[in-house]
*Asks:* 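Handing you a structure now.
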Amino acid sequence: MIDLRLLRTDPDGVRVGLARRHKPAVVALLDEAIGIDERLRELTSARDSLRAEVNELSRQVGTHKRNGDEDQAAAAAEQSRQLGDAEREMAARFDEVSEELRQLMLVIPNIPHPDAPDGASDTDNPLCEGPVMPEGFAEHQRVPHWETATALGILDSERATKISGAMFTMQRGAGATLARALCQFALDRNSDAFEEIRPPSLVLTSTLTATGHLPKFADDAFAIERDDLWCIPTAEVPLTSIYSGEVLDVTELPIRMMAFTPSFRREAGSAGRDTRGMLRSHEFDKVEILALATAEQAPDLLTEMVGRAVALMQALGLPYRVIEICTGDMGQSHHRSFDVEVYAPGCDQWLEVSSVSWFGDYQARRANIRYKARDESGTPKKGTELVHTLNGSALAVPRVWAAIIENFRQVDGSVRIPEALWPYMRGIQQIGP
RNA sequence: GGAACGGUGGCAGAGUGGACGAAUGCACCCGCCUUGAAAGCGGGCGGCCGAAAGGCUCGGGGGUUCGAAUCCCUCCCGUUCCGCCA
């Protein structure tokens with residue numbers, strides 16, 4: 001959620017900031033929220049002053065009773081009872097308006113960072129690093145991974161569909177080993193700075209709301225309705241909420257965590273796209289890195305985390321590039337965001353293999369993750385501040401898997417395994433004849 | 001799933017209808033004392049909303065009452081025992 005106080009003190013600033021997303025509906029929501037908030041504040045003070053009177057009268061009842069003055073006590077009680085009725089009515093109206101405002105605030109997106117590039121859609125995303133299009137591929141690399149992998153017996157999409165329906169994949173033999181090796185590799189490469197976590201893969205509604213996936217994107221997630229649980233679409237979801245409702249000490253920050261988890265996505269809006277191979281599926285494995293930080297620590301962490309995602313692609317020897325996400329293409333919770341893409345010569349596509357984002361305090365406000373600041377002498381400051389959250393995929397398995405199969409396909413149809421993965425491959429350095 | 005007992009501030013732990021936003025201890029902060037520290041003494045010390053007055057907050061929600069940490073209902077969580085189970 002964006003800061004309600006900022007909305008009150010600088011509504012125009014917020015309006016200008018959100019307008020950069022190029023979504024007129026968003027600004028309309030904002031204006032609606034401003035109006036509701038004004039009503040809410042009027043109700044608050046009306047309700048509070050009624051409560052203050054009831055409380056004061058109740059105190060008087062006590063005092064009178066202690067003094068043995070029953071008549072006065074009864075009179076005050078009667079008066080208090082009448083005010084109490086009015087208070088209840090006012091409180092009910094407050095609750096109604098308050099919930100209305102909350103629901104609205106939950107769907108208002110984050111304000112883009114001033115340095116985020118302006119743009120209307122993904123075609124405006126500027127290139128930060130790497131080639132527009134890499135060159136020098138041989139004919140034997142121009143084979144889609146699903147053909148190569150099926151021929152090698154390491155991808156069995158047909159049987160995956162038999163088991164679970166469309167948009168599920170299954171790797172076998174060296175292909176399954178490769179998928180797992182990629183995870184192990186990504187975890188090991190980040191274990192210098194990130195605590196490894198194995199979080200739950202099913203979460204409460206409140207957990208999925210904290211990251212911004214609910215209420216707006218309910219259609220994109222798998223729900224287990226009978227038990228009121230959701231399948232996580234990314235490890236970002238459980239990791240972000242690990243410290244929800246807690247007050248951390250600034251000396252603990254930044255907190256860095258990483259996790260290997262399955263990720264479940266309904267892909268409701270993508271029906272019919274990328275239906276072949278491993279480019280898009282309902283379930284895939286991913287290693288995620290995440291940090292909780294102060295506002296001051298966040299920019300450097302963002303750079304570092306993009307660098308970590310890039311370093312993995314370099315170590316694997318895959319052609320990659322980094323693009324920054326423009327204001328019109330950003331996700332709801334994003335403040336600033338970068339994608340790492342690798343090139344897959346077989347299907348001739350840039351594949352998004354990592355998305356690293358800074359969320360400002362947007363998620364922390366939803367999840368209520370705060371910290372106690374300290375001054376120069378180390379004395380705790382009064383009050384608390386919201387942390388900033390950042391996260392990114394270190395490595396999303398299927399697309400990297402696909403890119404490896406295509407980039408390292410040999411003339412004879414076999415696939416060479418990048419040397420960085422050898423320690424995790426049980427001695428397999430090449431798949432195929 | 002069944003039963004019993006619990007859930008109070010950073011922690012421990014009192015509090016069974018009114019003077020309780022909450023004793024006491026520990027931790028923490030400021031000051032005095034000290035060469036420095038400890039001890040001692042004095043003071044302070046949760047969070048949220050609000051410009052303030054004031055309001056809210058004793059696991060969540062609802063109820064009884066003029067008034068609820070305290071009584072009632074319900075849900076959640078924890079501990080122990082039983083059942084079941086990988």
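Each chain gets a letter, A, B and so on, in the order the sequences are listed, and its residues count up from 1. Worth knowing before you read on, the calculation uses all heavy atoms, side chains too, and leaves out hydrogens, waters and symmetry mates.
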*Asks:* Reading RNA chain B from 5' onward, which residue's closest nucleotide shows up sooner: A:R66 or A:R47?
*Replies:*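 Closest to the 5' end, via its nearest nucleotide, is A:R66.
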*Asks:* In whole Å, I'd like the distance from the CG atom of A:N368 to the C1' atom of B:C49.
*Replies:* 14 Å
*Asks:* Tell which nucleotide pairs with B:U70, taking only Watson-Crick or G-U wobble pairs whose two distances are both under 3.5 angstrom.
*Replies:* none
*Asks:* Less than 3.5 Å apart, any donor N or O on the side chain of A:Q363 or A:T389 sitting next to an acceptor on the other?
*Replies:*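 Yes.
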*Asks:* Measuring from A:C183:SG to A:Y424:OH, what's the distance to the nearest 0.5 Å?
*Replies:* 11.5 Å
*Asks:* Determine which nucleotide pairs with B:A22, using a 3.5 Å limit on both distances of a Watson-Crick or G-U wobble pair.
*Replies:* none
*Asks:* Looking at B:C49, I'd like to know if its phosphate oxygens (OP1 or OP2) sit under 4.0 Å from a side-chain N or O belonging to A:R5.
*Replies:* yes
*Asks:* For A:A76, report the nucleic acid contact type (base, sugar-phosphate, nothing); a contact means any heavy atom under 4.0 Å.
*Replies:*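 Since no nucleic acid heavy atom lies under 4.0 Å of A:A76, the category is nothing.
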*Asks:* Mind calculating the distance between CZ (A:R51) and C1' (B:U57) to the nearest angstrom?
*Replies:*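 So the two atoms are 11 Å apart, to the nearest Å.
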*Asks:* Between A:D3 (CG) and B:C49 (C1'), how many Å, whole number?
*Replies:* 13 Å
*Asks:* Quantified in whole Å, what is the C1' atom distance between nucleotide B:G59 and nucleotide B:G78?
*Replies:*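 My reading of the C1' atoms in B:G59 and B:G78 gives 11 Å.
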*Asks:* Starting from P on B:G18, measure out to NZ on A:K65 and report it in whole angstrom.
*Replies:* 11 Å
*Asks:* Testing the 3.5 Å rule here: is there a donor-acceptor pair between the side chains of A:S244 and A:N368?
*Replies:* no
*Asks:* Across all strands shown, which nucleotide pairs with B:C85 by Watson-Crick or G-U wobble geometry, both distances under 3.5 Å?
*Replies:* none
*Asks:* Any side-chain donor paired with an acceptor under 3.5 Å for A:T169 and A:Q171?
*Replies:*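 Checked: A:T169/A:Q171 side chains pair up, N/O donor to acceptor below 3.5 Å.
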*Asks:* Would you please name every residue forming a ring pair (Phe, Tyr, Trp, His ring centres under 6.0 Å) with A:H282, sequence neighbours left out?
*Replies:*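 Here the qualifying residues are A:F168, A:F222.
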*Asks:* Check this for me: A:R426, atom CZ, are more than 12 non-hydrogen atoms of other residues, nucleotides or ligands nearer than 6.0 Å?
*Replies:* no
*Asks:* Watson-Crick or G-U wobble partner for B:G50, using a 3.5 Å limit on both distances?
*Replies:*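 Per the H-bond distance test, none.
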*Asks:* Evaluate the salt bridge (charged side-chain N to carboxylate O under 4.0 Å, His left out) criterion for residues A:R265 and A:E267: first the C-alpha distance (whole Å), next the side-chain angles of each, then the deciding distance (0.1 Å), finally the verdict.
*Replies:* CA-CA 5 Å; A:R265 302 189 179 180; A:E267 299 290 352; 5.2 Å; no
*Asks:* Taking RNA chain B as the partner, which of residues 31-44 of chain A come within under 4.0 angstrom of it by heavy atom?
*Replies:* none
*Asks:* What integer number of Å spans the P atoms of B:C58 and B:G42?
*Replies:* 33 Å
*Asks:* Between B:C11 and B:C48, how far apart are the P atoms? Round to whole Å, please.
*Replies:* 16 Å
*Asks:* Expressed in angstrom and rounded to an integer, what is the separation of A:H64 atom NE2 from B:C66 atom C1'?
*Replies:* 12 Å
*Asks:* Once you round it to whole Å, what is the distance between P of B:A53 and CG of A:N55?
*Replies:*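 That distance rounds to 16 Å.
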*Asks:* Using the P atom in both, what is the distance from B:C73 to B:U64, to the nearest Å?
*Replies:*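 Comparing P positions in B:C73 and B:U64 gives a spacing of 15 Å.
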*Asks:* Using heavy-atom distances to pick each residue's nearest nucleotide on RNA chain B, tell me which of A:S45 and A:G84 is more 5'.
*Replies:* A:S45
*Asks:* OP1 or OP2 of B:G50 versus the side-chain N and O atoms of A:R8: is any pair under 4.0 Å?
*Replies:*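 It does, given that an N or O in the side chain of A:R8 lies less than 4.0 Å from OP1 or OP2 of B:G50.
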*Asks:* For atom C1', what is the distance between B:G9 and B:A14, given to the nearest Å?
*Replies:* 13 Å
*Asks:* Considering Watson-Crick and G-U wobble pairs with both distances under 3.5 Å, what does B:A3 pair with?
*Replies:*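 Check on B:A3: paired to B:U80, both distances under 3.5 Å.
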*Asks:* Under 4.0 Å, heavy atoms only, any strand: does A:S58 hit a base, just the sugar-phosphate, or nothing?
*Replies:*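 Base, at least one base atom sits under 4.0 Å.
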*Asks:* With a 4.0 Å cut-off, would you call A:D192 and A:R308 a salt bridge?
*Replies:* yes
*Asks:* Tell me the interatomic distance from A:L57, atom CG, to B:U65, atom P, rounded to whole angstroms.
*Replies:* 18 Å
*Asks:* Using the P atom on both, measure B:A69 against B:C77 and round to a whole Å.
*Replies:*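 My reading of the P atoms in B:A69 and B:C77 gives 25 Å.
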*Asks:* With rounding to the closest Å, how many angstrom separate the C1' atoms on B:C82 and B:G21?
*Replies:* 41 Å
*Asks:* For the P atoms, the ones on B:G6 and on B:G13, what distance do you get once it is rounded to whole angstrom?
*Replies:*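 Here B:G6 and B:G13 have their P atoms 14 Å from each other.
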*Asks:* Under 4.0 Å: is that the gap between some side-chain N or O of A:T384 and OP1 or OP2 of B:C48?
*Replies:* yes
*Asks:* Whole angstroms only, please: what is the NZ-P distance between A:K372 and B:G46?
*Replies:* 9 Å
*Asks:* What is the minimum heavy-atom distance between A:M90 and A:A46, and which atoms define it?
*Replies:*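 Closest pair (atom of A:M90, atom of A:A46, distance): CE-CB, 3.9 Å.
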